[in-house]
Amino acid sequence: MLSSSPTKYAVALFSGFQALDVFGPLDALNILSASTPLELHLLSTTLAPVSTTPVKDPIAGAIGQCVVPTHTYQDAPKDIEVLLVPGGQGTRNPELTQPVVDFIASTFPKVRYLLTVCTGSALAARAGVLDGRNATSNKLAFDWITSNGPNVKWIRHARWVQDGNIWTSSGVSAGIDMIYAFIADQYGQEVADSVATSSEYSRNTDSTNDPFSGLA
């Protein structure tokens with residue numbers, strides 16, 4: 001671990017977040033924390049459990065899981081270094097996700113890194129923090145996502161994109177490749193390789209290798 005490596009992470013939750021958007025990156029961080037102590041905060045509007053099933057227009061027969069937040073957006077720790085914003089069906093609900101958007105806008109100047117997965121980049125775009133930046137997102141929802149950020153330099157052909165201290169990734173599973181790239185960047189390639197081996201995960205290490213770009 002480098003002396004400058006971040007140790008304090010937070011995830012911005014909302015009803016209808018995509019499970020793998022959160023748990024894919026978090027599983028890598030869980031493994032990393034066995035050798036590199038980390039802090040993790042789970043944020044939401046209240047401390048009530050947050051479901052992967054949207055509260056608005058739920059799909060009949062669909063299953064979901066709930067996560068218990070550690071903090072609200074109002075009392076979130078002030079020393080967050082890395083903020084992870086997932087996507088999911090809930091991102092389509094502007095009223096529901098406005099607290100997330102407001103938190104991103106107010107917190108971004110203080111965090112060291114912002115990471116988004118899938119349609120989470122739409123929330124970052126609404127917050128204005130992606131203006132003038134290169135970014136990518138889920139290809140199946142690309143047109144809708146880009147409509148949320150007309151001043152963003154959207155890249156269709158990318159598994160993930162790094163622009164300064166902002167990392168954005170494509171759809172769902174791309175968040176796992178992004179977090180491994182982030183771990184390699186922040187903690188070293190050997191550390192990222194070790195975490196991936198522990199997961200028996202075959203990484204995509206080429207950010208431009210996006211087999212789903214044709215869906216956009």
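Remark: the backbone N or O of Asn93 is paired with a side-chain donor or acceptor of Thr97 at under 3.5 angstrom. Of the possible donor and acceptor atoms, none in the side chain of Trp154 sits under 3.5 Å from a partner among the backbone N and O of Ser137. With Asp177 contributing its side chain and Asn204 its backbone, the two residues share a donor-acceptor pair below 3.5 Å. Panel note: side chain Thr116, backbone Val85; no donor-acceptor pair is recorded below 3.5 Å.
With sequence neighbours excluded, the residues forming a ring pair (Phe, Tyr, Trp, His ring centres under 6.0 Å) with Tyr180 are Tyr201, listed by chain and number.
With a 6.0 Å radius and a threshold of 12 heavy atoms from other residues, nucleotides or ligands, Glu95 has its CD atom at or below the threshold.
For the pair Pro25/Met178, no side-chain contact is recorded, criterion being any heavy-atom separation below 4.5 Å from C-beta on. Taking 4.5 Å as the limit, every side-chain heavy atom of Glu81 sits out of range of all side-chain heavy atoms of Gln186. Residues Leu43 and His71 form a side-chain contact, since some pair of their non-hydrogen atoms from C-beta on lies under 4.5 Å apart. Within the 4.5 Å cutoff, the side chain of Asn138 has no heavy atoms near those of the Trp144 side chain.
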Q | Worked verdict on Arg133 versus Thr168 for side chain to side chain donor-acceptor pair (under 3.5 Å) | A | CA-CA 10 Å; Arg133 302 263 196 156; Thr168 57; over 6 Å; no

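Each of Val161 and Leu83 belongs to its own hydrophobic cluster when Ile, Leu, Val, Met, Phe, Trp and Tyr are linked at side-chain heavy-atom distances under 4.5 angstrom. Linking ILVMFWY side-chain heavy atoms closer than 4.5 Å, directly or via other members, places Val152 and Val101 in a single hydrophobic cluster.
The CZ atom of Arg156 sits 10.0 Å away from atom OG of Ser213, with the distance rounded to the nearest 0.5 Å. To the nearest 0.5 Å, atoms CD1 (Ile183) and OG (Ser194) are separated by 10.0 Å.
Salt-bridge check for Lys153 with Asp163: failed, with every basic side-chain N at 4.0 Å or more from each acidic carboxylate O.
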